[in-house]
Amino acid sequence: MKNQSVKNNIDWISVFIYATLVILGWLNIYSSSLLSTEGTYQKQLIFIGCTIPLIFVVLFVDGKFYEKYASIIFGVSLLSLAGLFLFGKTIAGQRCWYAIGSFTLQPSEFAKAATSLALAKYLSDTQINLKEVNRQIQALAIVFLPVILILPQPDPGSALIYSIFIIVLYREGLPSWYVWTGFITILLFVLTLVLEPYVVILIALVVLAVIHFKGRVVDRNLLMSAIFLAIISAFVFSVDYVFDNVFKQHHRDRFNILLGKSVDMKGIGYNTNQSEIAIGSGGWLGKGFLQGTQTKGGFVPEQHTDYIFTTVGEEWGFVGSLVVISLFVGLFLRVIYLAERQKTKFSRVYGYCVAGILFIHFFVNIAMVIGIFPTIGVPLPFFSYGGSGLWGFTILLFIFLKMDANKVNEW
């Protein structure tokens, strides 16, 4: 009876979009790795095959299970991340995987769903008010605990994904100054890399002066404006130190290329440059499936993983790329729509987490391959090669679809 309820009430529109993206992703992996001797597209087909029983397991489990055991699932996820420091396998300088025979498993891909469940569980408590500072600290701790374990691996790309939870918290009542502080911090950081620190501080002084004298604000306290300027100045003067001493050389190179401060098309900028060439060469309709010269020539490294969208751009052109982007946007909007109609706060918050995680992966990956964001290793959901990523995104999405199908039994 319960399984019949899921079959009748599951959102088949989301399932259809998901299946379409997975199939299109495999076709592009097939095209980009056809000449490879590593059996990449065959392995991805195995990964896809494994998602079918995985989906059935996720849908078979009672929807309330995910809420009841959210904290335990989160705890197990944190342990799996911590265990990497002792038992993890290092690949390309990153200790992000457990080796299981010839396959590897990346726990950070599953930690996103676990963190979403834990955050939804915490925020669904009737006593939670995110206007209270202690509640803000507790909610942010849930978000940053996995980040603290992921960053040293080092895996800045996966850590970046967790920033989207701030938007979810803002949706649930977190004061807006958190969002504005993050945005202003990023803006000041980038401006300081481009301009002299004194110029950035002068710009900040002008902006604060306009806000103080012309803005319609209740508190026009001159001392407060002076404190803000002092904080901004201290941050601006610390940027160069952080950039030169905290960031690794390849991170600095990627930022410098992105900001036009250095050009190294044969070195650190090679991937992005070749990606832009491949996408641009596709024109309006593309060169045709299996006809991509950049793809077949192997000019873009890691084209079946983080740079998979270059195959779409080259072989399917602008029209094909627009179709793929439309499918992703359709999935985001569908999940948000479903989240809004949930009967419980837990499932609603989790739905927004799902939409947010999928969106930031999509946005950062596309921005990365077209050269408007540094290369940081963020896969394209359902498209990029890898079992952990595909299974992690599948679990993330279908837990929510199970909750949505189960809402007919909730009051």
Side-chain angles (χ1 to χ4, degrees), residues 66-67 69-82 84-85 107-189 227-228 231-232 234-235 238-239 242 246 335-336 339 344-361 363-364 376 378 392 396 399-400:
Y66 301 110
E67 180 175 4
Y69 295 102
S71 299
I72 296 176
I73 295 172
F74 182 58
V76 171
S77 176
L78 292 179
L79 288 175
S80 70
L81 291 173
L84 288 170
F85 296 105
S108 62
E109 295 295 346
F110 304 95
K112 298 161 191 173
T115 305
S116 300
L117 288 171
L119 195 62
K121 175 69 173 177
Y122 179 76
L123 295 177
S124 61
D125 190 322
T126 55
Q127 304 300 318
I128 297 301
N129 181 2
L130 286 179
K131 300 299 182 183
E132 300 174 5
V133 175
N134 63 322
R135 297 301 188 184
Q136 296 169 15
I137 294 174
Q138 292 167 0
L140 291 172
I142 294 174
V143 174
F144 286 110
L145 275 174
V147 172
I148 293 171
L149 294 172
I150 290 171
L151 272 176
Q153 293 177 4
D155 189 2
S158 294
L160 173 67
I161 298 304
Y162 286 78
S163 63
I164 198 65
F165 287 115
I166 302 298
I167 304 300
V168 176
L169 289 171
Y170 171 68
R171 166 69 175 76
E172 296 301 321
L174 188 73
S176 60
W177 69 265
Y178 279 94
V179 178
W180 283 109
T181 299
F183 174 76
I184 293 172
T185 300
I186 295 172
L187 181 61
L188 288 173
F189 184 86
I227 292 174
F228 281 141
I231 294 174
I232 290 172
F235 175 79
S238 71
V239 167
V242 172
V246 177
V335 171
I336 291 173
T344 67
K345 187 175 183 179
F346 174 80
S347 54
R348 186 187 76 233
V349 173
Y350 182 79
Y352 270 97
C353 290
V354 173
I357 290 171
L358 293 177
F359 171 76
I360 193 170
H361 264 277
F363 176 79
V364 172
I376 55 174
V378 173
L396 177 77
I399 286 177
F400 177 62

Closest non-hydrogen contact found for Ser108 with Ser158 is OG-OG, 3.8 Å
From the list Val364, Ile357, Leu358, side-chain contact (heavy atoms from CB on, under 4.5 Å) with His361 holds only for Ile357
Could you tell me if the side chain of Leu78 sits less than 4.5 Å from the side chain of Leu149, heavy atoms only? yes
Value for CG (Leu84) from CG (Leu81), rounded to nearest 0.5 Å, stands at 6.0 Å
* Does one side chain, of Tyr178 or Gln136, offer a donor that lies under 3.5 Å from an acceptor on the other? -> yes
In Phe346, Tyr352, Tyr350, the residue satisfying side-chain contact (heavy atoms from CB on, under 4.5 Å) with Arg348 is Tyr352
dist Lys121:NZ -> Tyr66:OH (nearest 0.5 Å) comes out at 15.0 Å
| message | Could you check whether atom OH of Tyr170 has more than 12 heavy atoms from other residues, nucleotides or ligands sitting under 6.0 Å from it? | response | no
So CZ of Phe110 and NZ of Lys112: to nearest 0.5 Å the spacing works out to 10.0 Å
If you apply the rule side chain to side chain contact (heavy atoms under 4.5 Å, CB included), what do you find for Thr344 with Ser124, and how did you get there? CA-CA 8 Å; Thr344 67; Ser124 61; over 6 Å; no
Would you say Phe228 has more than 12 foreign heavy atoms packed within less than 6.0 Å of its CZ?
-> no
TODO: Look at the aromatic rings of Phe183 and Trp180 and report parallel, tilted or perpendicular, splitting at 30° and 60°.
DONE: perpendicular
Go through the steps to decide whether Thr185 and Thr181 satisfy the test side chain to side chain contact (heavy atoms under 4.5 Å, CB included), and finish with yes or no. CA-CA 6 Å; Thr185 300; Thr181 299; 4.0 Å; yes
| query | Leu169 and Leu130: side chain to side chain contact (heavy atoms under 4.5 Å, CB included), yes or no, with the steps? | reply | CA-CA 8 Å; Leu169 289 171; Leu130 286 179; 4.1 Å; yes
| message | Are the side chains of Val354 and Ser116 in contact, using a 4.5 Å heavy-atom criterion? | response | no
